[in-house]
There are 2 protein chains.
Amino acid sequence: MEIRVYKRIQEANDAIAARNRAAFAAAGTTAFNLISSSGAGKTTLLIATLERLRTRCGCGVIEGDVETDRDAQRLAHLGLPVVQITTDGACHLDANMIATVLPEFPLAATPLLFIENVGNLVCPASYDLGERGKIVLLSVAEGDDKPAKYPAALIEATAVVLTKTDLLPHCPFSTDRFWADVATVNPRVQRFALSATTGDGLDGWCDWLAAQAR
Amino acid sequence: MEIRVYKRIQEANDAIAARNRAAFAAAGTTAFNLISSSGAGKTTLLIATLERLRTRCGCGVIEGDVETDRDAQRLAHLGLPVVQITTDGACHLDANMIATVLPEFPLAATPLLFIENVGNLVCPASYDLGERGKIVLLSVAEGDDKPAKYPAALIEATAVVLTKTDLLPHCPFSTDRFWADVATVNPRVQRFALSATTGDGLDGWCDWLAAQAR
């Protein structure tokens with residue numbers, strides 16, 4: 001019984017995701033779904049990225065959070081279209097939440113749309129939002145064993161970003177082990193290692209994003 | 001419809017949790033449910049804690065993970081009863097998973113039982129396992145804004161542990177802001193700040209745990 005209901009929820013989600021995808025395609029918008037645990041640095045990376053990218057192409061942000069609009073407030077100074085979705089306890093964004101806020105976006109003037117999902121490495125992986133690709137963030141502070149322990153998001157990801165590389169001298173972390181496990185789970189995924197704090201690695205990451213939005 | 005089914009799932013979970021709670025009470029076992037995002041340091045703290053506590057009282061561990069038995073392997077050298085639950089994608093432990101593995105534990109010889117939940121700060125908060133209390137871990141690397149952004153787990157917590165305090169010099173983190181937000185969400189919660197790497201703060205934490213298991 002529960003399984004039938006879950007399947008119906010998933011089918012309803014996928015139908016709305018398909019409509020979102022069509023809307024993005026019609027407007028020429030490349031949408032990325034950013035997925036990570038809480039505290040991996042999604043918002044901090046977004047700010048550093050948008051400071052570099054906003055003069056190169058039109059960018060927009062959908063912020064997903066369980067509670068508070070603090071992340072949207074952190075982005076406010078950039079002067080970009082930002083919409084906050086507060087899920088009121090729900091552990092992931094779904095396609096209908098995205099469809100509900102899309103009319104607030106000037107999609108035709110937004111070649112690059114970032115959707116920052118709820119901080120949760122497990123549940124968001126199961127919900128298609130209509131995005132071009134999922135980008136998974138894992139921070140150095142979380143430990144090098146996470147690609148093997150949380151493969152669901154990684155298996156479907158377009159890109160994986162190792163964040164907070166400035167903490168490498170202070171954390172027990174083998175980058176060899178990390179990337180070997182990433183390659184085992186998803187051999188074709190695009191890989192980035194960077195620090196939004198020092199700026200290390202941001203140029204390659206931003207060039208790749210800009211190319212996706214061409 | 002979906003809401004009715006969810007309510008039935010929750011009621012079924014709570015009934016099994018009540019049975020687990022009765023089994024713990026009958027055996028004199030204090031069970032704690034450890035909840036955090038992936039990479040906040042649950043397993044590392046457990047190892048450092050058990051190395052100190054195992055000579056003071058009988059301890060056992062139930063390890064919950066989406067995939068792999070790496071955490072149980074990390075605990076194997078301690079020579080304690082450890083059971084691994086691999087949820088195969090599910091985003092939280094539920095009471096029935098705990099009930100299923102309880103017969104494998106010598107509960108009467110286990111005054112202190114740690115249940116390490118799946119790395120996820122959102123969903124595990126909704127599922128009673130029959131524990132005495134929930135212990136929420138938040139790491140310095142996650143940022144000082146997490147108590148306000150993820151209040152659900154914290155509201156019901158018996159204790160909150162700020163982990164990885166050795167990273168304080170390397171991360172933008174206001175301990176004042178962190179503890180003020182913790183106090184707003186849950187004024188009565190027990191508070192600890194520690195580093196499993198340096199050992200700082202572990203004595204007070206272990207003394208508190210030992211007192212809970214009296």
Side-chain angles (χ1 to χ4, degrees), chain A residues 1-6 8-9 12 36-41 43-44 65-71 74 86-92 118-126 138-153 163-164 166-173 181 185 197, chain B residues 1-6 8-9 12 36-41 43-44 65-71 74 86-92 118-126 138-153 163-164 166-173 181 185 197:
Chain A
M1 177 80 186
E2 288 75 16
I3 292 166
R4 275 225 315 274
V5 170
Y6 179 72
R8 209 164 63 228
I9 292 171
S36 81
S37 278
S38 63
T43 313
T44 302
D65 279 295
V66 178
E67 300 276 354
T68 85
D69 63 351
R70 290 191 183 193
D71 286 351
R74 289 176 63 193
T86 304
T87 65
D88 197 23
C91 54
H92 59 270
V118 170
N120 180 340
L121 197 49
V122 183
C123 314
S126 304
L138 293 163
S139 86
V140 164
E142 291 173 63
D144 54 24
D145 57 346
K146 296 306 172 288
K149 289 182 64 185
Y150 298 89
T163 62
K164 309 195 187 187
D166 55 294
L167 292 179
L168 278 171
H170 312 294
C171 295
F173 192 97
D181 280 356
V185 175
T197 306
Chain B
M1 177 79 184
E2 287 75 15
I3 291 167
R4 274 224 316 274
V5 170
Y6 179 71
R8 210 163 63 230
I9 292 171
S36 82
S37 279
S38 65
T43 313
T44 302
D65 280 295
V66 179
E67 301 275 353
T68 83
D69 63 350
R70 289 191 184 193
D71 286 351
R74 289 176 63 194
T86 305
T87 65
D88 198 23
C91 54
H92 59 272
V118 171
N120 179 341
L121 197 49
V122 184
C123 314
S126 304
L138 293 163
S139 86
V140 164
E142 291 172 62
D144 54 24
D145 58 346
K146 297 306 173 289
K149 289 181 64 185
Y150 299 88
T163 61
K164 307 193 188 189
D166 56 293
L167 292 179
L168 278 170
H170 312 295
C171 295
F173 191 97
D181 279 356
V185 175
T197 306

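Throughout, a chain's letter reflects where its sequence line sits, starting with A, and its residues are numbered from 1.
Interface remark: B/S38 contributes backbone and side-chain atoms alike to the contact with chain A (heavy atom separation under 4.5 Å). Using a 4.5 Å cut-off between heavy atoms, A/A148 touches chain B through backbone and side chain atoms alike. Using a 4.5 Å cut-off between heavy atoms, A/D145 contacts chain B through both its backbone and its side chain. For A/K149, the parts lying near chain B are the backbone and the side chain together; criterion is any non-hydrogen pair under 4.5 Å.
When the candidates B/C171, B/G119, B/G89, B/P169 are compared by the number of heavy-atom contacts under 4.5 Å with chain A, B/G119 comes out ahead. Ranked by heavy-atom pairs shorter than 4.5 Å toward chain A, the options B/A40, B/C91, B/G41 are led by B/C91. Ranked by heavy-atom pairs shorter than 4.5 Å toward chain B, the options A/D166, A/N120, A/V66, A/D65 are led by A/N120.
A donor-acceptor pair under 3.5 Å is absent between the side-chain atoms of A/Y150 and the main chain of A/S37, judged by distance alone.
In this structure, B/F173 and B/V140 approach most closely via the heavy-atom pair CD1-O, 3.2 Å. Of all non-hydrogen atoms in A/V118 and A/P124, the two that sit nearest each other are O-CG, 4.0 Å. Across A/E67 and A/T86, no two heavy atoms sit closer than the pair CA-CG2, 3.7 Å.
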Using the side chain to side chain contact (heavy atoms under 4.5 Å, CB included) rule, take B/V122 and B/H92 through it: C-alpha gap first, then chi angles, then the decisive distance, then the call. CA-CA 9 Å; B/V122 184; B/H92 59 272; over 6 Å; no
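Counting heavy atoms from C-beta on, the side chains of A/T197 and A/L167 never come closer than 4.5 Å.
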